Amino acid sequence: MKVIVKVVEKVTTEAHIDIPDGLSRDAIKQHITDVYNSGEIQAFFDISDVNFDSISAEILEVKK
């Protein structure tokens, strides 16, 4: 018998990055967006939390 098991999790990742001093809120948001879009921030992401959301199983009928 084959079973397909699907697990849905919500994974929270967090990165600690340096932001230049003196930026306005909008400039900080733009800086974070730019760093994220460039891919530079990916190396700094660590999983900080995983929340289980759901699990389901689909039983497949095996024909011989």
Side-chain angles (χ1 to χ4, degrees):
M1 175 185 319
K2 298 274 186 181
V3 177
I4 298 173
V5 178
K6 295 179 185 176
V7 176
V8 177
E9 298 172 333
K10 184 178 5 173
V11 178
T12 302
T13 57
E14 135 182 329
H16 296 244
I17 61 172
D18 293 320
I19 302 289
D21 292 333
L23 296 179
S24 67
R25 285 187 161 279
D26 287 337
I28 291 171
K29 289 178 185 179
Q30 187 61 54
H31 180 78
I32 293 169
T33 301
D34 293 344
V35 172
Y36 180 81
N37 288 339
S38 73
E40 293 175 51
I41 200 170
Q42 296 301 324
F44 301 108
F45 274 125
D46 291 317
I47 295 174
S48 64
D49 191 33
V50 178
N51 291 309
F52 174 78
D53 197 37
S54 67
I55 187 169
S56 64
E58 178 184 349
I59 300 171
L60 305 177
E61 187 177 329
V62 179
K63 296 182 181 182
K64 292 185 179 184

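Please read all numbers here as calculations on a predicted model, not as lab measurements. Atoms considered below: every heavy atom in the structure, side chains included; atoms not considered: hydrogens, waters and symmetry mates.
Here the straight-line distance linking atom NE2 of His16 with atom CG of Asp46 works out to 7.5 Å at 0.5 Å rounding. Between the CZ atom in Arg25 and the CD1 atom in Ile28 there is a gap of 7.0 Å [rounded to 0.5 Å].
Looking at heavy atoms from C-beta onward, Glu9 lies in side-chain contact with Val50 at the 4.5 angstrom threshold. For the pair Ile17 and Ile19, the minimum side-chain heavy-atom distance is below 4.5 Å. Within the 4.5 Å cutoff, side-chain heavy atoms of Tyr36 are placed close to those of Gln42.
The minimum heavy-atom distance between His31 and Asp18, with the atom names listed, is NE2-O, 3.8 Å.
The number of heavy atoms from other shown groups lying within 6.0 Å of CD1 (Ile47) does not exceed 12. For Phe44, the CZ atom is loosely surrounded, since the number of other residues' heavy atoms within 6.0 Å does not exceed 12.
Tracing side-chain contacts under 4.5 Å through hydrophobic residues (I, L, V, M, F, W, Y), one reaches Ile59 starting from Val7; they form part of the same cluster. No continuous path of ILVMFWY side-chain contacts below 4.5 Å connects Phe52 to Val11, so the two sit in separate hydrophobic clusters.
A donor-acceptor distance shorter than 3.5 angstrom exists from the side chain of Ser48 to the backbone of Thr12, with no hydrogens or angles considered.
Side chain to side chain, Asp34 and Gln30 meet the donor-acceptor criterion of an N or O pair below 3.5 Å.
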